[in-house]
*Asks:* 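The structure under discussion is supplied below as structure tokens; questions concerning it will follow.
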There are 2 protein chains.
Amino acid sequence: MTTQFDPDESTARTAADRVFEALQSAIIRGDIPAGSRVGETELAERFGTSRGPLREALRRLESRKLVERTPHVGIRIASLTHEALIEIYYVREALEGMAARLAAMHMTPEEVAGLRALLAEHERDEALQADTAYFQQEGDLDFHYRIIKGSHNRALTDLLIGELYHLVRMYRQQFSAYANRPQKAFGEHLRIVEAIEARDGDLAEMLMRRHVSSARQNIERHLNEHEQTPM
Amino acid sequence: MTTQFDPDESTARTAADRVFEALQSAIIRGDIPAGSRVGETELAERFGTSRGPLREALRRLESRKLVERTPHVGIRIASLTHEALIEIYYVREALEGMAARLAAMHMTPEEVAGLRALLAEHERDEALQADTAYFQQEGDLDFHYRIIKGSHNRALTDLLIGELYHLVRMYRQQFSAYANRPQKAFGEHLRIVEAIEARDGDLAEMLMRRHVSSARQNIERHLNEHEQTPM
DNA sequence: ACTGGCTGGATTGTCGACAATGGCCCGGGA
DNA sequence: TCCCGGGCCATTGTCGACAATCCAGCCAGT
């Protein structure tokens with residue numbers, strides 16, 4: 001069951017980078033169950049490398065909050081609590097709101113056009129698939145990615161895409177995503193794009209914040225209904 | 001010029017953690033000049049350890065944007081451009097604004113009282129020292145730290161304190177801080193605390209955002225005057 | 001029977017050496 | 001004189017082995 005790579009595509013970089021990406025994918029996709037303890041030796045031979053590069057990969061994953069390490073004890077795959085997810089959504093609200101504001105200021109006309117094209121594509125898919133949520137999931141990520149990159153703010157982009165979104169994706173995998181009202185989300189996306197086209201930074205930020213906030217409230221409602229956190 | 005440690009205080013954790021903190025301090029304090037290339041072997045023997053732990057420390061510092069690594073080439077201490085500093089201030093504006101909002105909602109009465117006590121202490125120091133900026137620098141950081149922690153949002157706290165503020169501090173060390181109008185800043189701090197005491201989250205966020213935004217505009221003004229980025 | 005300490009095993013932390021890659025310098029040719 | 005190519009060297013990437021630490025289970029004592 002050793003993982004196999006394309007020998008010319010991924011070997012370009014160093015082995016530590018390969019095992020880092022592979023391990024990250026494995027965690028996000030749920031191939032390694034969340035919250036489980038794993039040994040370094042086990043992981044090392046699983047990914048066909050030594051413990052040296054593996055440990056470096058683990059350090060990076062630790063800073064991304066994907067694994068937890070306790071000295072002399074071991075590694076466990078991160079299992080996020082619902083509270084942590086809610087906290088992340090507050091951060092997303094602040095950062096993506098700012099991203100939308102900056103996108104309205106700095107996006108090139110080509111980027112805006114691409115954004116609207118993406119939205120049109122979503123509309124077709126949505127019309128076809130009505131309320132199936134999964135494809136819309138990836139489309140939703142794509143939409144947010146474009147606005148984040150449209151901010152042309154590297155610090156903001158690195159923080160959101162490099163640090164936060166991995167956790168969000170792991171979450172969606174763990175709890176197979178709360179039904180996230182694709183038609184409502186699409187309408188919100190539409191209005192955000194309109195605000196960006198109008199170069200209205202204030203409005204774009206406000207709409208994006210409400211969009212993220214709605215998603216958070218939607219999750220909180222689900223949690224209260226299902227009473228998943230008795231405590 | 002080898003760094004020295006308290007042999008009982010810092011040795012509690014692992015050696016990789018010690019060299020991580022030591023290296024981070026050295027970078028922030030400017031002991032290692034920004035932008036300079038350094039070799040792994042050199043650093044390893046400087047901190048009295050082997051290359052193994054040092055490389056793990058470097059990985060963590062890399063994710064914190066304090067060093068830059070290029071494979072097979074080497075390490076260079078991060079030297080932030082002015083544009084990067086401005087970008088960080090936009091992120092701070094968004095995140096600390098949210099932190100102030102959450103602090104107004106979630107701070108305990110004790111934390112609020114401590115915040116006001118800190119402000120009173122600043123007022124005394126400020127009255128004594130008029131316009132000397134340096135002490136106010138640390139006080140300013142302390143003020144912001146308390147509000148961030150007052151948000152009771154771990155994701156937000158980790159991001160701001162764990163990822164961002166090191167860069168801000170390194171900056172202040174590099175460029176020995178732009179004169180940051182302590183009396184004006186103090187007044188803004190005062191109004192933020194008042195908003196938090198009134199549990200007015202909207203106002204607290206707005207004031208904090210304007211506070212950070214003012215600091216950013218102050219820096220931008222200095223950059224334009226001195227024309228430090230000819231390009 | 002239960003608590004306390006202890007020993008054995010396993011896992012992580014650390015180290016030194018080897019291999020591989022990139023940069024630099026020197027020499028030759030146009 | 002300038003440009004290009006090849007070889008050498010330094011530095012990084014990787015590996016395997018040794019040492020330190022923690023956890024589990026057992027044994028003894030009360």
Side-chain angles (χ1 to χ4, degrees), chain A residues 2-24 27 32-33 35-64 66-78, chain B residues 2-24 26-27 32-33 35-78:
Chain A
T2 55
T3 44
Q4 61 278 15
F5 297 109
D6 300 346
D8 52 345
E9 177 187 353
S10 307
T11 319
R13 287 155 300 184
T14 160
D17 291 337
R18 282 191 293 115
V19 60
F20 167 73
E21 293 188 10
L23 227 178
Q24 178 171 256
I27 293 175
I32 304 178
S36 61
R37 265 204 168 70
V38 288
E40 290 185 355
T41 312
E42 165 195 356
L43 283 180
E45 63 185 30
R46 170 171 178 170
F47 289 102
T49 181
S50 174
R51 277 181 53 213
L54 181 101
R55 285 174 63 87
E56 300 199 358
L58 285 178
R59 284 286 193 194
R60 291 171 63 179
L61 290 173
E62 181 188 17
S63 69
R64 275 170 167 62
L66 285 175
V67 302
E68 297 174 6
R69 306 188 66 188
T70 54
H72 297 285
V73 172
I75 316 130
R76 64 181 313 166
I77 308 302
Chain B
T2 55
T3 45
Q4 61 276 15
F5 298 110
D6 299 346
D8 52 346
E9 178 187 352
S10 307
T11 319
R13 286 153 301 185
T14 160
D17 290 337
R18 280 190 296 115
V19 60
F20 167 73
E21 293 188 10
L23 227 177
Q24 177 171 257
I27 292 175
I32 304 178
S36 60
R37 268 204 170 70
V38 288
E40 291 184 356
T41 312
E42 166 194 355
L43 284 180
E45 64 184 30
R46 169 170 179 171
F47 289 102
T49 181
S50 174
R51 277 181 53 212
L54 181 103
R55 285 174 62 87
E56 301 199 358
L58 285 177
R59 284 286 193 195
R60 291 171 63 180
L61 290 172
E62 182 188 16
S63 69
R64 274 170 169 61
K65 300 283 167 55
L66 286 175
V67 302
E68 298 175 5
R69 308 188 65 189
T70 53
H72 297 284
V73 172
I75 315 131
R76 63 181 313 164
I77 309 300

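Just so we're on the same page: letters track the sequence lines, and every chain starts at 1. Please read these numbers as outputs of a predicted model, since none were measured by experiment.
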*Asks:* Reading DNA chain D from 5' onward, which residue's closest nucleotide shows up sooner: A:His72 or A:Asp17?
*Replies:*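 Going by which nucleotide is closer to the 5' end, it is A:Asp17.
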
*Asks:* What's the CZ-C1' distance between A:Arg51 and D:dT14, to the nearest Å?
*Replies:*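 Value for this atom pair: 13 Å.
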
*Asks:* Is A:Thr49 near enough to D:dT14 that one of its side-chain N or O atoms lies under 4.0 angstrom from OP1 or OP2?
*Replies:*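 It does not, given that no N or O in the side chain of A:Thr49 lies less than 4.0 Å from OP1 or OP2 of D:dT14.
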
*Asks:* What's the separation between atom CD1 in B:Ile27 and atom CD1 in B:Ile32, rounded to the nearest 0.5 Å?
*Replies:*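 Those atoms lie 5.5 Å apart.
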
*Asks:* Take the protein atom CG of A:Leu43 and the nucleotide atom P of C:dT12, then report the distance between them rounded to whole Å.
*Replies:*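 In whole Å, C:dT12 P and A:Leu43 CG are 9 Å from each other.
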
*Asks:* Just compare D:dC23, D:dT12, C:dT14 and give me whichever is closest to any side-chain atom of A:Val73.
*Replies:*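 Selected nucleotide (nearest to the side chain): D:dC23.
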
*Asks:* Pair B:Thr41, B:Arg51 - check side-chain contact (heavy atoms from CB on, under 4.5 Å), show working.
*Replies:* CA-CA 6 Å; B:Thr41 312; B:Arg51 277 181 53 212; 4.0 Å; yes

*Asks:* Check the distance between C:dG22's C1' and B:Arg69's CZ and give it to me in whole angstrom.
*Replies:*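 Computing the B:Arg69:CZ to C:dG22:C1' distance gives 15 Å.
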
*Asks:* Give one of base, sugar-phosphate or nothing for B:Gly74, where a contact means two heavy atoms less than 4.0 Å apart.
*Replies:*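 Here B:Gly74 touches the backbone only, sparing every base.
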
*Asks:* Using atom CZ of B:Arg59 as one end and atom C1' of D:dT14 as the other, report the distance to the nearest whole Å.
*Replies:*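 Distance, rounded to whole Å: 12 Å.
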
*Asks:* In whole Å, I'd like the distance from the CG atom of B:Leu54 to the C1' atom of C:dT14.
*Replies:*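 Value for this atom pair: 13 Å.
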
*Asks:* To the nearest 0.5 Å, how far apart are CD in B:Glu21 and CZ in B:Phe47?
*Replies:*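 Going from the CD atom of B:Glu21 to the CZ atom of B:Phe47 covers 11.5 Å.
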
*Asks:* What's the separation between atom CZ in A:Arg55 and atom CD in B:Glu56, rounded to the nearest 0.5 Å?
*Replies:*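 Here the interatomic distance stands at 4.0 Å.
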
*Asks:* What does A:Arg37 touch in the nucleic acid at a heavy-atom separation under 4.0 angstrom: a base, only the sugar-phosphate, or nothing?
*Replies:*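 No contact.
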
*Asks:* Can you tell which of D:dT14, D:dT12, C:dT14 lies closest to the side chain of A:Ala15?
*Replies:*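 Looking only at heavy atoms from C-beta outward on A:Ala15, the closest nucleotide is D:dT14.
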
*Asks:* Could you tell me how far apart A:Ile75 (CD1) and D:dC22 (P) are, to the nearest whole angstrom?
*Replies:*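 Rounded to the whole Å, the gap is 16 Å.
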
*Asks:* Give the nucleotide from the list C:dC15, D:dC15, C:dT12 with an atom nearest to the side chain of A:Glu40.
*Replies:*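 Minimum distance to the A:Glu40 side chain belongs to C:dT12.
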
*Asks:* Measure from the side-chain heavy atoms of A:Ser50 and tell me the nearest of C:dG13, C:dT14, D:dG16.
*Replies:*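 Nearest to the side-chain atoms of A:Ser50, counting from C-beta on, is D:dG16.
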
*Asks:* Rounded to the Å, how far apart are A:Glu56 CD and D:dG13 P?
*Replies:*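 After rounding, the gap between these two atoms is 7 Å.
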
*Asks:* In whole Å, what is the span from the CD atom of B:Glu45 to the P atom of D:dT11?
*Replies:*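 Going from CD in B:Glu45 over to P in D:dT11 covers 11 Å.
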
*Asks:* Contact class for B:Gly39 vs. all strands (heavy atom < 4.0 Å): base, sugar-phosphate, or nothing?
*Replies:*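 B:Gly39: backbone/sugar contact only, no base atoms under 4.0 Å.
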
*Asks:* Measure from the side-chain heavy atoms of B:Thr14 and tell me the nearest of C:dC15, D:dG13, C:dG13.
*Replies:*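 From the listed options, C:dG13 comes nearest.
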
*Asks:* Say you draw a straight line from CG of A:Leu23 to CZ of A:Arg46; how long is it, rounded to the nearest 0.5 Å?
*Replies:*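 Going from the CG atom of A:Leu23 to the CZ atom of A:Arg46 covers 7.5 Å.
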
